[in-house]
Number of protein chains: 2
Amino acid sequence: MSDSATGSKRKDARRNQQALLDAAAAVFVTAGVEAPVRDIAAKAGVGIGTIYRHFPTRADLVIAVYRHQVEACAEAGPALLASSPTPYAALESWADLFVDFLVTKHGLATAMRNDSTGFETLHAYFLDRLLPVCAQLLEAAAASGEIRADLDAYQLMRGIGNLCVGAETDTRYDARRLVALLVAGLRRRVG
Amino acid sequence: MSDSATGSKRKDARRNQQALLDAAAAVFVTAGVEAPVRDIAAKAGVGIGTIYRHFPTRADLVIAVYRHQVEACAEAGPALLASSPTPYAALESWADLFVDFLVTKHGLATAMRNDSTGFETLHAYFLDRLLPVCAQLLEAAAASGEIRADLDAYQLMRGIGNLCVGAETDTRYDARRLVALLVAGLRRRVG
DNA sequence: TTGCAAAGCGGAACCGTGTTCCGTATCTTT
DNA sequence: AAAGATACGGAACACGGTTCCGCTTTGCAA
């Protein structure tokens with residue numbers, strides 16, 4: 001994942017990398033994840049070349065900015081499983097958490113679906129980190145008999161991600177609710 | 001919606017418009033809905049200016065190309081309601097139909113979510129035409145007591161559309177199934 | 001048939017974005 | 001202080017959408 005690991009020899013390089021991370025975080029909030037690279041560079045007070053040296057692809061930058069939150073989301077999985085009354089309840093809560101994360105990051109979900117720019121890496125990162133967590137929740141809920149076992153974690157993750165697309169720019173659309181409905185669709189009937 | 005209504009004075013203008021529609025349809029199949037405008041113009045054997053004169057925005061072109069199929073989808077709603085055993089079954093079938101339409105049009109769903117180019121018009125067209133149909137199905141199924149009545153047609157439409165994003169480029173992802181699950185989530189429990 | 005105004009055409013040119021590349025500046029080490 | 005390594009900046013290029021305007025075609029009228 002590039003040299004995002006903050007370990008460089010030169011002081012200016014480290015300073016610039018941090019400046020870029022800060023600038024990117026700020027710009028992402030106001031202008032969305034797809035903000036022009038030039039804007040981020042400008043905000044950080046560095047040239048365009050510098051941004052590309054530190055983060056070879058846009059995805060690397062986005063990942064670096066959101067790494068902590070993705071990590072938190074991943075760690076919440078097992079935690080919820082331990083603290084919830086049933087595995088299904090844990091799955092519900094985790095889905096909520098994940099949706100919140102996607103929706104509050106202006107355009108993140110949309111960006112990840114955008115075939116255009118090299119966002120496949122981003123997609124891959126999310127999958128790598130969160131798929132196992134989702135799978136664990138899904139399996140637990142299936143094992144407890146609360147849900148059907150015929151949907152794999154990959155599809156559920158993609159489905160949740162997709163439902164979040166554009167959620168932040170449309171007040172008539174409530175992604176969290178639709179995701180809840182989707183998860184509810186997994187539930188065995190009769191209950 | 002522009003002069004898409006094939007009524008022009010000059011013969012060459014009408015010919016070119018048809019050539020553009022044919023070319024666009026062909027290119028959409030092979031290169032997706034987001035194919036470069038230049039490619040479509042080239043395929044039709046006309047200049048770039050011509051394409052913009054006939055279809056002021058990309059969306060107008062896309063709409064013109066798919067108008068028939070959208071129409072068919074709209075008309076299928078009432079028909080299914082009449083021919084299905086229950087309103088809920090009709091809703092299920094219609095969702096399937098709609099998903100098929102979106103998924104088989106290379107990138108249509110994705111394009112509609114793409115904030116970038118003027119695809120809002122496209123979005124608006126789909127909504128105008130299909131929302132009432134969806135609403136009717138939803139209301140019927142709610143009235144029959146098969147589903148909960150607390151999700152409006154707009155959100156369901158958006159949800160279905162979103163679930164179809166990227167479905168054609170990922171063999172591990174089955175949009176139809178997820179949409180079925182979402183619809184199932186509407187169902188009242190207990191059965 | 002011919003003339004001519006209206007309608008339509010083509011594509012060069014412009015804009016905004018991502019990305020590359022290399023001469024120059026800065027840092028670190030000795 | 002000098003030299004080598006490292007990083008920087010931003011001009012330049014690629015690409016796709018869109019505009020604009022001089023030129024061509026068409027159809028009507030004389």
Side-chain angles (χ1 to χ4, degrees), chain A residues 2-21 23-24 27-28 31-62 107 110-112 114-122, chain B residues 2-21 23-24 27-28 30-63 107 110-112 114-122:
Chain A
S2 83
D3 62 326
S4 306
T6 324
S8 171
K9 287 266 174 82
R10 281 173 57 162
K11 191 175 20 160
D12 56 349
R14 259 170 300 159
R15 179 166 29 78
N16 279 334
Q17 176 150 322
Q18 192 55 50
L20 277 169
L21 281 173
V27 172
F28 287 172
V33 181
E34 312 211 62
V37 177
R38 282 168 174 78
D39 290 0
I40 298 169
K43 180 115 187 175
V46 306
I48 301 167
T50 301
I51 207 173
Y52 278 98
R53 195 164 324 95
H54 285 290
F55 306 97
T57 98
R58 259 186 115 64
D60 291 317
L61 180 54
V62 176
T110 308
M112 257 190 319
N114 226 355
D115 303 339
S116 55
T117 335
F119 272 98
E120 314 78 33
T121 314
L122 220 189
Chain B
S2 81
D3 62 326
S4 307
T6 324
S8 170
K9 284 271 173 79
R10 281 173 57 159
K11 193 175 18 157
D12 56 347
R14 259 171 297 154
R15 180 165 30 77
N16 279 334
Q17 175 150 323
Q18 191 55 50
L20 277 170
L21 281 173
V27 172
F28 286 171
T30 59
V33 182
E34 312 212 62
V37 178
R38 283 168 175 80
D39 290 1
I40 298 170
K43 180 114 186 175
V46 306
I48 301 167
T50 301
I51 206 172
Y52 278 98
R53 193 162 327 94
H54 284 290
F55 306 97
T57 99
R58 261 187 113 63
D60 290 317
L61 181 53
V62 176
I63 291 172
T110 310
M112 256 189 319
N114 228 355
D115 303 339
S116 55
T117 334
F119 273 97
E120 314 78 32
T121 314
L122 220 188

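Computed from a predicted structure; not experimentally measured. Residue numbers start from 1 in every chain, and the chains themselves are labelled A, B, ... in the order their sequence lines are given, proteins ahead of strands.
Rounded to whole Å, atom P of C:dT20 lies 13 Å from atom CD1 of A:Ile51. The nearest whole Å value for the distance from the CZ atom in A:Phe55 to the C1' atom in C:dG18 is 17 Å. Going from atom CD1 of B:Ile48 over to atom P of C:dC15 covers 16 Å, rounded to whole Å. If you measure from atom CZ of B:Arg14 to atom C1' of C:dA7, you get 13 Å, rounded to the nearest angstrom. For the pair B:Lys9 NZ and C:dC9 P, the computed distance is 15 Å after rounding to whole Å. Rounded to a whole Å, the OH atom of A:Tyr52 is 17 Å from the P atom of C:dC22. Atom pair A:Ile40:CD1 and C:dT19:P shows a separation of 11 Å (rounding to whole Å applied).
In this structure, of D:dG17, C:dG11, D:dA7, it is D:dG17 that holds the atom nearest to the side chain of B:Arg58. In this structure, of D:dT18, D:dG10, D:dT26, it is D:dT26 that holds the atom nearest to the side chain of B:Asp12.
In plain terms, the two heavy atoms of B:Ala23 and B:Lys43 that are nearest each other are CB-CG, 3.7 Å. Here the closest heavy-atom approach between residue B:Ala13 and residue B:His54 is recorded as O-CE1, 3.3 Å. When every heavy atom of A:Thr121 is checked against every heavy atom of A:Ala59, the shortest pair comes out as CB-CB, 3.7 Å.
The side chain of A:Thr50 contributes no N or O atom lying less than 4.0 Å from OP1 or OP2 of D:dA7. The side chain of A:Arg53 places an N or O atom within less than 4.0 Å of a non-bridging phosphate oxygen (OP1 or OP2) of D:dC8. The shortest distance between the side-chain N/O atoms of A:His54 and the OP1/OP2 oxygens of D:dC8 is below 4.0 Å. At the phosphate of C:dG8, neither OP1 nor OP2 sits under 4.0 Å from any side-chain N or O atom of B:Asn16.
Comparing B:Gly49 and A:Lys11 against DNA chain C, the residue whose closest nucleotide sits nearer the 5' end is B:Gly49. Nearest-nucleotide assignment on DNA chain D puts the 5′-proximal partner with B:Ala35, out of B:Arg15 and B:Ala35. Comparing A:Val37 and B:Val46 against DNA chain C, the residue whose closest nucleotide sits nearer the 5' end is B:Val46.
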**Message:** Test side-chain contact (heavy atoms from CB on, under 4.5 Å) on A:Asp60 and A:Tyr52; report intermediate values, then the result.
**Reply:** CA-CA 10 Å; A:Asp60 291 317; A:Tyr52 278 98; over 6 Å; no

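In terms of polar N and O atoms assigned as donor or acceptor, the side chain of A:Arg38 comes within less than 3.5 Å of the base of C:dG18 in a complementary pairing. Contact annotation: side chain of B:Arg10 to base of D:dT25, donor-acceptor pair present below 3.5 Å.
Note: B:Arg53 CZ to B:Leu20 CG = 10.0 Å, rounded to the nearest 0.5 Å.
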